[in-house]
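What follows is a single structure, written as structure tokens, with notes after it.
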Amino acid sequence: MPMPTAPAPRPASAPVAALDIGGTKIAGALVDADGRILARTRRPTPAGEDGESVFGAVGAVLDALATSPAWAVAEAVGIGSAGPVDAARGTVSPVNVPGWRGFPLVERVREHAGGRPVTLVGDGVAMTAAEHWLGAARGHADALGLVVSTGVGGGLVLGGRLHPGPTGNAGHIGHLSVDLDGAPCACGGRGCVERLASGPHIARHALDGGWRPGPDGDASAAAVAEAARAGHPAAVAAFERAARALAAGIAATAHLVEVDIAVIGGGVAGAGEVLFAPLRCALADYATLSFARGLTVVPAATGADAGLLGAAAAARAPR
Ligand SMILES: [Zn+2]
């Protein structure tokens, strides 16, 4: 019987495989040590199908990556997945993929990837890892990342290292309550950041205030942002409210763990100054303690590849 051998130390230049798993698509890439994408592929997520069919799409992505010469030297796999994830158990239960509830994704990917080590983090943590590695939080030892889109997620870098927490969910700022008696949130809490600042809630608030979509019927947060840029008061108010909720959550995080930068990605961040101008203003109201006054808030810089680069960064993080 062959003796088990210690794994060879990972060459600094070895690529890793990265998976970015969401409710609409599953993207995969081979990413080198400098963050260059050597190969990439994607499949639609068959989100309405059973768990095995959804995993079939993950397998197809891995098989496509395995046709690249870089696969042979790839030493690990990183996964950033829509949540909730449980990195301690290696399972995922994405809200938008009902066929996966407690699905053992880490074990299944490890089997499919020839036994390579697999690291799982939530998508907010992955985006934060990408921004710390290659984006706007580069060089910051203590940073908060936020993903503001259909929901509000996030992640933390503390002491120069990604801090995913035991289950891969640390930094989930969306469910910090910033309004004790506020509206009930889908999570069961009240007055959560997400309940005030997610794209659908921005749009809802604008509609309640009297804003109406144009002839194309687009009632998304992006359409509200366009109306806010044109000065529509209800659209402006919806973004100001979201900005205050985000500012309160970011300030609370800064007071708690001394982050000095918050990086905001996700579709709603694409609103630009309509969101960031009131956010910077509101930050002055909430980040009041001396050590938090230097806190800056900036847009994310890693763009559409944030999920893949973050999954790669998580795979490279010291274990
Ligand atoms: Zn909540």
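In listed order, ligands and their atoms are each counted from 1.
Residues meeting the side-chain contact (heavy atoms from CB on, under 4.5 Å) test with Asn96, sequence neighbours left out: none.
Contact annotation: the side chain of Asp260 never approaches that of Phe291 to less than 4.5 Å [non-hydrogen atoms, C-beta and beyond].
Between Asp305 and Arg40 there is a salt bridge, since a side-chain N of the basic residue sits under 4.0 Å from a carboxylate O of the acidic one. Ionic pairing of Arg42 and Asp20 is not present here: no N-O contact between side-chain nitrogen and carboxylate oxygen is shorter than 4.0 angstrom.
Around the Zn ion (ligand 1), protein N, O or S atoms at less than 2.8 Å number 4.
Residues Trp71 and Arg116 share a closest heavy-atom pair of O-NH2, 2.8 Å.
Within a 6.0 Å sphere centred on CZ of Arg110, heavy atoms belonging to other residues, nucleotides or ligands number more than 12.
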